[in-house]
Amino acid sequence: MSLAYTDPKQHLADLFRQALARVAPDSGLAVELERPKQAAHGDWACNLAMQLARGLKRNPREVAAELIAALPASDWVEKTEIAGPGFINVFITPRLWQRLPAHILAQGAEYGRIELGRGKRVQVEFVSANPTGPLHVGHGRGAAYGASLASVLTHAGYHVQREYYVNDAGRQMDILALSTWLRYLELTGECVPFPPNAYQGGYVRVLADSIYALHGERYKRTAAQVLTGVPAIPSAEEYAQQPDAKGRAEASLDALIAAAKRLLGQDYDYIHGYALEEQLGDCRNDLTEFGVSFDHWFSERTLHDAGLIERALEQLRHKGQLYEQDGAVWFRSSAHGDEKDRVVRRENGQYTYFAADIAYHLNKLERGFDRVIDVWGADHHGYIPRVKGALAAAGHDPDRLEVALVQFAVLYRDGQKVSMSTRAGEYVTLRELRQEVGNDACRFFYVLRKSDQHLDFDLDLAKSQSADNPVYYIQYAHARVSSVLAGWGGMEKDLADADATLLTHPSELALLRRLAEFPESIGAAARDYAPHLVAYYLKDLAADLHGLYTTCRILEEDEALRLARLQLVAATRRVLRSGLGLLGVSAPDKM
RNA sequence: CUGCCCGUAGCUCAAUCGGAUAGAGCACCAGCCUUCUAAGCUGGGGGUUACAGGUUCGAUCCCUGUCGGGCAGGCCA
């Protein structure tokens with residue numbers, strides 16, 4: 001016999017649209033409803049009268065009175081009032097709120113899904129770290145943000161694909177292959193100085209060890225062979241201190257790569273491929289443990305192999321967007337909002353990373369996504385105009401690409417910044433961070449800030465098992481409800497017919513209203529690409545639950561009231577679980 | 001030098017495409033457990049939203065300038 005629940009915001013918007021059509025049919029205004037900060041201002045406020053008054057040159061409060069008079073009658077509106085400069089405040093009858101818990105329990109995981117996206121296809125590309133070493137804490141933020149964003153967009157009615165762009169074709173991968181081989185040669189007893197600008201991390205030795213274990217000395221070459229024609233390799237000290245050492249180090253590194261390719265032939269591809277697969281696998285495992293998964297791993301190399309880069313450049317050339325100068329091929333990005341033109345093919349005939357990125361992004365759009373979202377580190381912001389410029393130059397709408405910039409995360413331990421040096425291999429890996437603070441706290445802390453805000457990641461706070469930690473605050477609310485429901489011992493479905501009109505206590509009504517906000521919270525988070533809004537919503541929801549718990553006893557003597565309250569907290573648990581799920585955080589039944 | 005982002009309570013941060021008296025947590029002070037999980041709850045102090053102008057019914061939000069912080073400006077990725 002459960003009574004239907006009507007989404008009050010949509011209902012009100014409907015009423016106001018009808019009123020607007022009567023009072024000012026040609027205004028062209030959209031109805032906006034917002035949640036007042038203060039309960040005394042009602043459940044929703046409408047600023048339509050003030051918007052109208054501007055054009056009509058009339059007193060907003062008079063216009064408000066006309067609008068109210070024109071509102072169709074509704075069972076769900078308890079009262080309306082004109083407030084302040086001309087707000088129309090609307091109070092919803094508690095009878096509507098009281099229908100919500102049964103609605104939520106009936107909907108289950110579907111509650112909170114909205115139609116904002118209308119089935120549009122969206123791709124979220126994130127992490128996309130070079131598979132040349134372990135993910136570090138900076139990647140972790142991009143991973144947590146991208147995964148949560150993708151979940152939120154899915155919940156908001158978009159058809160989402162999660163993609164990881166694998167940079168498996170560039171110089172960085174060559175450097176990893178070379179680094180691995182040099183460590184391997186050390187195992188065979190050959191002494192080639194290890195370049196200061198090669199990958200220093202211990203994982204390179206692990207790669208070398210396993211290749212040696214698998215293939216023995218098959219890939220051994222003498223140091224003399226390797227070093228023939230290679231410029232002197234600067235020492236670590238020289239590299240750090242001498243201004244010109246950096247350039248020399250790059251030159252000798254390139255010479256070493258060339259030597260490796262020449263001496264190893266096909267075997268170079270094996271080492272390259274082995275290192276790539278191992279690192280990519282490690283990265284994938286790391287992310288999987290972090291609750292982050294991808295629908296598609298896109299290989300940069302396939303762009304080269306399939307000739308997509310040439311094709312993309314041909315497309316631009318055809319439109320007169322390329323020219324040659326100094327032996328290189330340039331793209332006229334300055335004609336599309338960039339500060340200067342950019343090289344797409346170097347004098348030596350090699351394509352730049354940018355050329356591959358043009359092909360990649362054209363390919364994304366051709367795959368039919370209505371919208372493509374790139375999650376990038378904030379240090380890449382200067383890159384946006386040229387990529388969008390390339391899309392525009394190729395005849396696409398550049399606004400189909402949106403770039404979400406994620407600022408850096410800085411770790412703090414004992415109030416001190418934890419120093420990070422990528423070059424020296426001295427950085428905190430994502431895996432270490434996860435082991436230290438746990439996946440739940442990690443995921444939650446990463447998305448607790450607006451993405452364009454610098455993130456201070458306080459390790460001590462994230463680890464603390466106390467009230468200081470907002471993750472536990474929310475999880476605790478969930479566990480509390482689970483404990484009560486366990487104590488009761490019944491099944492959720494037995495709560496469907498509870499008499500929710502008994503829920504009249506202020507803390508019960510506050511919780512009901514909060515539950516009703518969940519879909520709006522999803523909508524705001526999806527619209528602004530701001531999953532942190534969900535995190536904040538959950539904190540508020542948990543606070544209301546804790547408030548109810550201390551003021552009202554759930555397992556009341558009176559059976560009808562007991563069932564009504566159980567229905568309410570069971571619905572709350574449902575929403576807590578859904579919300580935490582969107583953020584990749586677990587919802588424990590016991591703590 | 002130029003461009004982008006940021007500047008909100010002692011600290012870390014919110015603030016629903018411009019809304020009403022700018023909100024939380026931490027820290028500090030005072031209270032609440034013989035009954036469903038005290039990882040909880042209640043109350044208190046704490047602000048010229050960096051600064052100066054502008055736009056309007058209304059500005060933390062939009063515009064201009066100044067100051068301060070971060071990042072970026074390669075035929076690197």
Side-chain angles (χ1 to χ4, degrees), chain A residues 30 32-38 40-41 45 47 50-51 53-54 59-60 83-87 89 130 132 167 170-173 175 250 325-330 339-340 342-348 350-354 356-357 377-385 405 407-408 412 415 448-450 452-456 458 461 464-477 479-488 507 517 520-521 523-525 527-528 530 532-533 535-537 539-540 542-543 545-556 562 565-566 569 590-591:
Chain A
E32 293 172 27
L33 290 166
E34 52 202 37
R35 293 267 187 181
K37 285 171 185 159
Q38 294 178 57
H41 292 150
N47 62 6
M50 290 178 290
Q51 304 282 351
R54 186 181 315 207
N59 183 335
F87 288 104
N89 293 339
N130 286 343
T132 52
N167 298 119
R171 180 167 178 264
Q172 296 304 317
M173 267 311 300
I175 296 173
E250 296 303 318
Q325 187 178 307
D326 304 328
V329 178
W330 298 69
E339 341 177 289
K340 50 181 284 195
R342 308 288 174 177
V343 170
V344 289
R345 201 183 71 198
R346 294 197 281 266
E347 194 177 358
N348 65 11
Q350 292 205 312
Y351 294 116
T352 59
Y353 180 87
F354 177 46
D357 244 1
D379 54 334
H380 285 69
H381 67 79
Y383 206 72
I384 300 173
L405 293 178
Q407 292 286 343
F408 293 127
Y412 284 83
L448 192 53
R449 302 285 173 251
K450 254 187 323 205
D452 57 4
Q453 192 75 248
H454 288 271
L455 172 68
D456 289 333
D458 186 332
L461 178 56
S464 73
Q465 308 251 324
S466 73
D468 307 357
N469 196 328
V471 194
Y472 294 115
Y473 184 79
I474 298 168
Q475 291 183 320
Y476 185 55
R480 264 186 153 175
V481 175
S482 288
S483 172
V484 171
L485 288 171
W488 167 56
S507 57
E517 287 177 20
E520 295 167 50
S521 162
R527 193 188 60 230
D528 296 342
H532 77 278
L533 293 175
Y536 276 86
Y537 169 77
K539 276 168 68 168
D540 288 338
L545 185 280
H546 288 310
L548 171 78
Y549 190 89
T550 30
T551 52
C552 300
R553 190 175 168 78
I554 314 300
L555 297 176
E556 260 289 336
R562 181 169 72 236
R565 285 184 174 159
L566 283 165
V569 297
K590 285 180 184 169
M591 288 178 73

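Only this structure's heavy atoms are used, side chains among them; waters, hydrogens and symmetry mates stay out.
For the OP1/OP2 pair of B:C36 and a distance below 4.0 Å, the side-chain nitrogens and oxygens of A:R562 include no atom meeting the criterion. Side-chain nitrogen and oxygen atoms of A:Y473 include at least one within less than 4.0 Å of the OP1 or OP2 phosphate oxygen of B:C41. Proximity of A:K450 to the phosphate of B:A15: a side-chain N or O atom is located under 4.0 Å from OP1 or OP2.
Contact annotation for A:N89: base contact, defined as any heavy-atom pair under 4.0 Å involving a base atom. Here A:Q172 lies in heavy-atom contact (under 4.0 Å) with sugar-phosphate atoms only. A:I384 comes within 4.0 angstrom of no nucleic acid atom, judged by non-hydrogen atoms across all strands. At a threshold of 4.0 angstrom between heavy atoms, the contacts of A:E556 with the nucleic acid are absent. Looking at heavy-atom distances under 4.0 Å, A:R54 makes contact with a base. As judged by a 4.0 angstrom heavy-atom cut-off over every strand, A:A45 is placed among the base-contacting residues. No engagement by A:F354 is indicated, since no non-hydrogen atom pair under 4.0 Å with the nucleic acid exists. Counting any heavy atom pair closer than 4.0 Å across all strands shown, A:Q453 reaches sugar-phosphate atoms only and no base atom. Residue-level contact check: A:P85 touches the bases, meaning some heavy atom is under 4.0 Å from a base atom. Counting non-hydrogen atoms under 4.0 angstrom, A:N47 reaches a base of the nucleic acid. Base contact: A:D326 has a heavy atom under 4.0 Å from a base atom. When heavy atoms are screened at a 4.0 angstrom cut-off, A:A477 is found touching no nucleic acid atom at all.
Spacing of C1' atoms, B:A22 relative to B:G46, comes out at 14 Å, to the nearest Å. The gap from the P atom of B:A24 to that of B:A9 amounts to 16 Å, rounded to the nearest Å. B:C61 and B:U49 have their C1' atoms separated by 10 Å, with the value rounded to a whole Å. As rounded to the nearest Å, B:G47 and B:C5 have C1' atoms that lie 25 Å from one another. A gap of 10 Å separates the P atoms of B:C51 and B:U8, to the nearest Å. Using atom C1' as the reference point in both B:C63 and B:U16, the two lie 23 Å apart (nearest Å). Nucleotides B:C4 and B:C75 place their C1' atoms 25 Å apart, quoted to the nearest Å. B:G18 and B:U60 are spaced 11 Å apart, taking the C1' atom of each and rounding to whole Å.
Scanning all heavy atoms of the two residues, the minimum distance from A:A328 to A:V343 falls at CB-CG1, 4.2 Å. Here the closest non-hydrogen pair linking A:K450 and A:H532 is CG-CE1, 3.1 Å. A:A535 and A:I474 make their closest contact through O-CD1, 4.2 Å (heavy atoms, listed as atom of the first residue, atom of the second, distance). A:L405 and A:G377 get closest at one heavy-atom pair: CD2-O, 3.8 Å.
Side-chain contact between A:F87 and A:H41: absent, with no pair of heavy atoms (C-beta onward) separated by less than 4.5 Å. Using a 4.5 Å heavy-atom cutoff, the side chains of A:R35 and A:E520 are in contact. A:T352 is listed as a side-chain neighbour of A:R346, based on a closest heavy-atom distance under 4.5 Å. A:P85 places a side-chain heavy atom less than 4.5 Å from the side chain of A:M50. Two residues are said to be in side-chain contact when any heavy atoms from C-beta on lie closer than 4.5 Å; A:V344 and A:F354 meet this criterion.
Across the protein-nucleic acid pair, A:K37 atom NZ and B:U16 atom P stand 7 Å apart, rounded to whole Å. Per the geometry, CG belonging to A:D357 stands 16 Å off P belonging to B:C75, to the nearest Å. A straight line from CG of A:L545 to C1' of B:G40 spans 11 Å, rounded to a whole angstrom. In this structure, A:Y351 atom OH and B:C76 atom P are separated by 16 Å, rounded to whole Å. Across the protein-nucleic acid pair, A:E250 atom CD and B:C76 atom P stand 10 Å apart, rounded to whole Å. The separation between A:L455 atom CG and B:C13 atom C1' is 11 Å, rounded to whole Å.
Once the 5.5 Å centre distance and the 30° plane angle are applied, the aromatic ring of A:H532 is found not to be stacked with the base of B:A14. Taking the 5.5 Å centre cut-off and the 30° plane limit, the aromatic side chain of A:F87 is classed as stacked on B:A20.
Each of B:C75, B:U16, B:A38 was ranked by its minimum atom distance to the side chain of A:Y476; first place goes to B:A38. Distances from the side chain of A:R346 to the nucleotides B:C75, B:A14, B:A39 place B:C75 closest. Minimum atom distance to the side chain of A:T550 is reached by B:C41, of the listed B:A38, B:A15, B:C41. Looking at the side chain of A:M50, the nearest of the listed nucleotides B:G40, B:C57, B:C36 is B:C57. Nearest to the side-chain atoms of A:R480 among the listed nucleotides B:A15, B:A20, B:G40 stands B:G40. For A:Q38, the side-chain atoms get nearest to B:U21 when compared with the rest of B:A15, B:C6, B:U21. Across B:U35, B:U37, B:A20, the shortest atom-to-atom separation from the side chain of A:R553 is found for B:U35. Considering only the side chain of A:D452, B:C6 comes nearest among B:A20, B:C6, B:C75.
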Task: A:M173/A:N167 under side chain to side chain contact (heavy atoms under 4.5 Å, CB included): CA gap, chis, key distance, verdict - done: CA-CA 8 Å; A:M173 267 311 300; A:N167 298 119; over 6 Å; no
Nucleotides 68-73 of chain B: which of its N/O atoms have a protein N/O under 3.5 Å away?
{"unit_1": "B:C71", "atom_1": "O2", "unit_2": "A:H381", "atom_2": "NE2", "d": "2.9"}

Would you list the atom pairs, donor with acceptor, under 3.5 Å between side chains in residues 545-553 of chain A and any protein atom, with sequence neighbours excluded?
{"unit_1": "A:H546", "atom_1": "ND1", "unit_2": "A:R480", "atom_2": "NH1", "d": "3.0"}
{"unit_1": "A:H546", "atom_1": "NE2", "unit_2": "A:Y473", "atom_2": "O", "d": "3.2"}
{"unit_1": "A:T550", "atom_1": "OG1", "unit_2": "A:H546", "atom_2": "O", "d": "2.8"}
{"unit_1": "A:T550", "atom_1": "OG1", "unit_2": "A:G547", "atom_2": "O", "d": "3.1"}
{"unit_1": "A:T551", "atom_1": "OG1", "unit_2": "A:S507", "atom_2": "OG", "d": "2.8"}
{"unit_1": "A:T551", "atom_1": "OG1", "unit_2": "A:G547", "atom_2": "O", "d": "2.9"}
{"unit_1": "A:T551", "atom_1": "OG1", "unit_2": "A:L548", "atom_2": "O", "d": "3.3"}
{"unit_1": "A:R553", "atom_1": "NE", "unit_2": "A:L555", "atom_2": "O", "d": "3.4"}

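Figure legend. B:G40 is base-paired to B:C32; pairs are counted as Watson-Crick or G-U wobble with both atom distances under 3.5 Å. Base pairing annotation: B:U56 forms no Watson-Crick or G-U wobble pair, as no partner gives both donor-acceptor distances under 3.5 Å. Using N1 to N3 plus N6-O4 or O6-N4 for Watson-Crick, or N1-O2 and O6-N3 for G-U wobble, each under 3.5 Å, B:C4 pairs with B:G70.
Between A:Y536 and A:Q51, the residue anchored nearer the 5' end of RNA chain B, judged by the nucleotide with its closest heavy atom, is A:Y536. Annotation: of the two residues near RNA chain B, A:A328 and A:R527, the 5′-most nearest-nucleotide partner is A:R527.
Partners of A:E250 by salt bridge (charged side-chain N to carboxylate O under 4.0 Å, His left out), not counting sequence neighbours, listed by chain and number: A:R171.
Base orientation at B:C33 is syn, since its O4'-C1' glycosidic dihedral falls within 90° of 0.
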